[in-house]
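We count residues from 1, following the sequence as given.
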Amino acid sequence: RGKQAPPKRVIEGFPMVTAERGERIIAFVQAIFAYKGEQVDAAYLRGASGGAFRFYYHPKRTWMGAGKWPDRAVENICDVLSYSYAASFNEDEQTSWLRLKGWISTGYPVLIWPDARGGRGVVGYEDEGYVAHVRRSGREGREARKEYERIPMFLNDWKSGWASRERVVGYPKFVIGEKIRRTSPREAMLRSLRRIVALVREADIVEPGGTIHCGFRAYETWIGDMRKISFESLDDETKGSVISFNGYLLPSLIADRDAAAHYLKGIAAKFEGAERDALSQASKRYEKIAAMLKESGELLPQGDWRTASFEAEEQKKFANYPRVIEMASEVLALEREAIEGLEEVSAGR
């Protein structure tokens with residue numbers, strides 16, 4: 001028989017999560033594990049979520065790729081690290097509110113993700129609203145002022161926005177439970193590898209704002225777009241796309257591939273013989289991929305997002321595109337080799 005949740009409850013001692021929007025899911029999950037007394041580095045969590053292997057590319061809205069995460073990212077992490085979890089989707093408002101109160105009243109912080117603010121950790125509820133850590137930013141001249149506070153956020157703030165608006169009454173909510181052991185660590189790793197292979201070969205995603213290319217096709221489309229780019233031919237929309245890719249999405253992709261190398265090196269210890277060697281080799285390939293993407297980023301022009309413009313020195317870097325195209329093609333070949341190795345291990349061959 002269930003217990004009645006108290007009228008108000010706030011979980012004390014849960015850390016403030018202050019990561020940038022595209023990183024909040026990992027920062028929040030890392031904070032939960034720290035709250036539970038287990039330290040897990042962010043790179044390993046990116047790998048376990050599948051996020052370290054993502055590449056989402058929208059030719060006109062390249063910034064979208066950095067904030068988009070694979071489906072079931074939280075569950076994937078829990079599977080790899082052997083934690084229980086629960087989630088609620090598309091429940092009516094009363095049921096959703098009761099569930100959130102039940103989780104928090106028993107001491108479990110809740111992640112509402114994705115939402116309009118890129119992910120929020122809920123640490124309490126009061127006065128028919130939930131309590132979340134929120135960062136507020138202000139400007140005084142050229143100085144940024146940041147204040148951190150805990151404020152009530154009411155249910156209507158996140159009442160719509162996931163899948164079809166006609167059916168949705170709330171964003172998905174996730175809660176991470178306790179350490180469990182359902183299967184062997186090796187079996188959990190094999191499931192993780194299968195998810196990675198499926199993610200990289202995922203079908204393109206068709207959304208109202210256009211098609212988002214995934215994995216190998218994202219590389220291919222990016223390379224094709226670079227072949228068309230010259231400074232003289234850029235309109236303002238394309239300039240904005242180039243600036244957001246070179247200055248925002250590419251750094252995110254580099255961080256992901258660094259994390260992929262770290263994750264594969266870590267899980268290789270769960271295997272032996274040829275399987276361990278294959279995973280170690282895939283890890284080294286991702287290290288090389290990250291290094292080559294970083295070098296590419298140094299060759300590519302960086303611009304001002306607000307004005308969609310490039311300084312004179314940055315304009316000269318448009319001449320580097322042929323070299324970057326060569327490097328990107330080599331990166332794609334390396335990633336195909338790495339994924340083939342993971343596929344062989346995951347299939348038991």
Side-chain angles (χ1 to χ4, degrees), residues 19 22-55 69-85 176-201 215 251-294 331 334-349:
E23 303 299 318
R24 287 181 198 158
I25 180 174
I26 295 300
F28 182 83
V29 172
Q30 187 178 32
I32 288 181
F33 286 129
Y35 180 71
K36 293 173 177 292
E38 182 169 1
Q39 302 300 321
V40 187
D41 64 67
Y44 192 87
L45 290 175
R46 285 168 87 109
S49 71
F53 302 87
R54 63 186 169 151
F55 186 3
W69 282 78
D71 292 339
R72 304 178 66 84
V74 178
E75 296 99 317
N76 294 346
I77 291 172
C78 290
D79 184 38
V80 169
L81 276 82
S82 297
Y83 272 83
S84 62
Y85 68 88
I176 295 176
E178 302 301 328
K179 198 79 171 179
I180 58 172
R181 178 63 66 198
R182 290 199 185 108
T183 57
S184 70
R186 184 178 182 279
E187 286 301 317
M189 298 303 110
L190 287 173
R191 286 195 297 272
S192 177
L193 294 176
R194 293 182 194 115
R195 288 191 293 264
I196 291 165
V197 171
L199 173 68
V200 174
R201 293 180 173 162
S252 174
L253 187 61
I254 294 165
D256 284 338
R257 295 313 184 260
D258 271 329
H262 176 80
Y263 179 66
L264 293 174
K265 184 177 180 179
I267 70 171
K270 309 292 184 185
F271 295 83
E272 297 179 351
E275 291 178 331
R276 176 180 290 192
D277 292 342
L279 291 172
S280 297
Q281 191 64 36
S283 174
K284 291 176 182 176
R285 285 193 172 100
Y286 274 106
E287 284 181 2
K288 187 173 181 180
I289 288 168
M292 293 185 69
L293 289 174
K294 184 176 181 180
V331 163
L334 283 168
E335 187 136 351
R336 288 187 189 278
E337 291 171 2
I339 292 300
E340 286 172 4
L342 300 187
E343 188 172 34
E344 289 183 4
V345 175
S346 67
R349 297 198 300 270

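- Not a single donor-acceptor pair under 3.5 Å links the side chain of S283 to the backbone N or O of L279.
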Practice task
Give the intermediate values and the outcome of side chain to side chain contact (heavy atoms under 4.5 Å, CB included) for residues I77 and I26.
Solution key: CA-CA 10 Å; I77 291 172; I26 295 300; 4.2 Å; yes

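- For the atom pair I339 CD1 and L334 CG, the distance stands at 12.0 Å (nearest 0.5 Å).
- Shown here are the side chain to side chain contact (heavy atoms under 4.5 Å, CB included) partners of R194, two or more places apart in sequence or in another chain: L190, R191, S346.
- R72 contributes atom CZ, which lies 5.0 Å from atom OH of Y85 (distance to the nearest 0.5 angstrom).
- Salt-bridge annotation for R186 and E272: absent, with no side-chain N of the basic residue lying under 4.0 Å from a carboxylate O of the acidic one.
- Within the 4.5 Å cutoff, the side chain of I180 has no heavy atoms near those of the Y83 side chain.
- Remark: K294 engages no residue in a salt bridge (Lys or Arg N to Asp or Glu O under 4.0 Å) (not counting sequence neighbours).
- Here L293 contributes atom CG and F55 contributes atom CZ; the two are 8.0 Å apart, rounded to the nearest 0.5 Å.
- Under 4.0 Å is where a charged nitrogen must lie from a carboxylate oxygen, and between R201 and E343 at least one such pair does.
- Residues K36 and E178 form a side-chain contact, since some pair of their non-hydrogen atoms from C-beta on lies under 4.5 Å apart.
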Could you tabulate the donor-acceptor pairs under 3.5 Å formed by side-chain atoms of residues 259-266, not counting sequence neighbours?
from: H262; atom 1: NE2; to: D41; atom 2: OD1; distance (Å): 3.1
from: H262; atom 1: NE2; to: D41; atom 2: OD2; distance (Å): 3.2
from: Y263; atom 1: OH; to: S192; atom 2: OG; distance (Å): 2.7

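- K179 places a side-chain N or O within donor-acceptor distance of the main-chain N or O of L81, the cut-off being under 3.5 Å.
- Side chains of D71 and L199 form no contact here, defined as non-hydrogen atoms less than 4.5 Å apart.
- The nearest pair of heavy atoms linking V345 to A278 is CG2-CB, 3.7 Å.
- For E335, the salt bridge (Lys or Arg N to Asp or Glu O under 4.0 Å) test picks out R257, with sequence neighbours left out.
- The closest side-chain heavy-atom distance from V200 to L342 is not below 4.5 Å.
- The closest side-chain heavy-atom distance from I176 to C78 is below 4.5 Å.
- Between F271 and M189 the shortest side-chain heavy-atom distance falls below 4.5 Å.
- Here E187 contributes atom CD and D79 contributes atom CG; the two are 10.5 Å apart, rounded to the nearest 0.5 Å.
- In this view, D256 and R46, R54 satisfy the side chain to side chain donor-acceptor pair (under 3.5 Å) rule, not counting sequence neighbours.
- Rounding to the nearest 0.5 Å gives a distance of 11.0 Å between CG of N76 and CH2 of W69.
- Judged purely by atom type and a 3.5 angstrom limit, R285 has no side-chain atom pairing as donor or acceptor with the backbone of A338.
- Between the side chains of Q30 and Y44, no donor-acceptor pair of N or O atoms lies under 3.5 Å.
- Taking each heavy atom of A269 and R276 in turn, the nearest pair found is O-NH2, 3.3 Å.
- By the salt bridge (Lys or Arg N to Asp or Glu O under 4.0 Å) test, K284 pairs with no residue at all, sequence neighbours left out.
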